[in-house]
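Worksheet: one structure, shown below.
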Amino acid sequence: MPKTVVMKFGGTSVGSVPALENVIQIVGDTRQKWPQSVVVTSALSGVTNLLLEGSQRALDGDTEFIAQTEAQLLERHQAIANELIPDNDQRAAVMQDIGGLIDTFGDLCRAIAVLGHSTSQSIDAVASLGERMSVRLLAAALRSHGLDAQSIEASDLIVTDDRFQAAHPDFELTAQKVQAGLQPLFDQGCVPVVTGFLAATEDGIITTLGRGGSDYTAAILGATMEADEVWIWTDVDGVMSSDPRVVPDAQTIEELSYREVSELAHFGAKVLHPKTIRPVVEAGITLRVLNTFNASHPGTQIVHKRDASANGSIKAVTAIKDQRMITIEGRGMLGVPGVAARAFGAVAAIDESVILISQASSEQSICFALHAQAADRVITALEQAFAAELQIRDIDRIWATEDVVIVTVVGAGMRNIPGIAGSLFTALGQEKLNVIAIAQGSSEVSISFIVSADDVEDALRAVHSLIK
Ligand code: ASP
Ligand code: MG
């Protein structure tokens, strides 16, 4: 079996001429060793936002903005084509296609402006245009540099349901289409350059996989092709042990398990979305996060399960800001059945989600964290849900803290090793940092605690100093 790799490039990797020069180099080098190389690309950085803003402003009848956006889209793509597609005819052909897509943008937005109404379906038609433009540009740039490449629209490969803006793939139908669509290209020695982010329903209507969905595209293609590896090319050296702006000695994590990645993503680190990488990791495909701007760096490898002997150390520390702790307290709660269930039911009923639940030592209070913006609504909902108990003082008080931060320490198996929790809280104590609450992570691979918003940077640095 020839070796197959899927390489996904994010918006910054294709957002400028120097970045694209790196991409061309990377694809060329990879192609030498991997006879079946597939490229997936995002839109040029900022383009999806611009398209979506266009469709939003169209709702208010802002046709001026639509015209400005058309000009801007043309200019961004043209400037890159001028540098990277030297042949006049080839450049003209690509820019004609891109111009047609920009016209589609204008038509769709003006229709939205006239109707004063848009649907998720029409928003996907607009949002997907960025990738439809970028694949054409990148494929032509690759051809100009001697690589046989062809742009492909993922609407011909990936079949989803019709949940527009967050569509879900049908892996079986997709596998058939991927095989039929890509194999002939491989046989010709050609590199397919596939649109990230978008897909289509069985009827061929364009859908998108949700913001940042190009990673998911790469994962879906990797899983359905049974690729050997999937590489996510971005603009940092893989997944970092903390935010380097706060923790100067943050470093790349060489290897992370799927559960560790999920935990990091849940607790605010900007890494791969767990949903997107699951198909790849479950299929045992090697997944790497690499840096387009530092291609020789080994980056981070995501593995299904880690070797048990390697477990037990702290891998990363991350923070979610703008949280508040809500406490329900009262001496009479001890006897009241189902308080927790009713509390979380009331929160869910207003569509808010609880990020973390703290373990109270007695049954006289329940404490949980959620986004600060939600706090007032949640308290009102809880006061309604527990009106009777508040009346008879079984519950004394339902209240929220000031803004706090959840700090999460991630590392598989860490919670089973008593010394680590000890050294963690010792380190915080030495810095005189007050821990407001300690919480249960959503799996065994993390410990979370809450500190006041003022202490977050010190807390991150104190914990990070424990990483070996
Ligand atoms: N271009 C899309 C977005 O900005 C998808 C992606 O970049 O992953 O959300
Ligand atoms: Mg992205």
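Starting from 1, each residue takes its place in the sequence as its number. As a basis for the values below, the full set of heavy atoms in this structure was taken, side chains included, without hydrogen atoms, waters or symmetry mates. Whatever order the structure lists them in is the order used to number ligands and atoms, beginning at 1.
The option from A218, S128, S214, G130 that lies nearest to atom 6 (C) of ligand 1, judged by heavy atoms, is S214.
Partners of T69 by side chain to side chain donor-acceptor pair (under 3.5 Å), not counting sequence neighbours: none found. Residues meeting the side chain to side chain donor-acceptor pair (under 3.5 Å) test with W233, sequence neighbours left out: none.
In this structure, E153 pairs ionically with R136, as a charged nitrogen and a carboxylate oxygen lie closer than 4.0 Å. Ion pairing between a basic and an acidic side chain is recognised when a charged N comes within 4.0 Å of a carboxylate O; K8 and D215 show such pairing. For the pair D148 and R143, the salt-bridge criterion is not met [side-chain N within less than 4.0 Å of a carboxylate O]. Comment: R57 does not engage D60 in a salt bridge, judged by the lack of any side-chain N to carboxylate O separation of less than 4.0 angstrom.
In terms of N/O distances under 3.5 Å, ligand 1 is not approached by G210. In terms of polar-atom proximity, R211 is counted as a contact of ligand 1, with an N or O under 3.5 Å from an N or O of the ligand.
Heavy-atom proximity to T48, at under 4.0 Å, picks out these atoms of ligand 1: 1 (N), 2 (C), 3 (C), 4 (O). Of all atoms in ligand 1, listed by their number and element, those nearer than 4.0 Å to a heavy atom of E131 are 1 (N), 2 (C), 5 (C). If you number the atoms of ligand 1 from 1 as listed, the ones under 4.0 Å from a heavy atom of S42 come out as 6 (C), 7 (O), 8 (O).
Distances shorter than 4.0 angstrom occur between a heavy atom of G213 and an atom of ligand 1.
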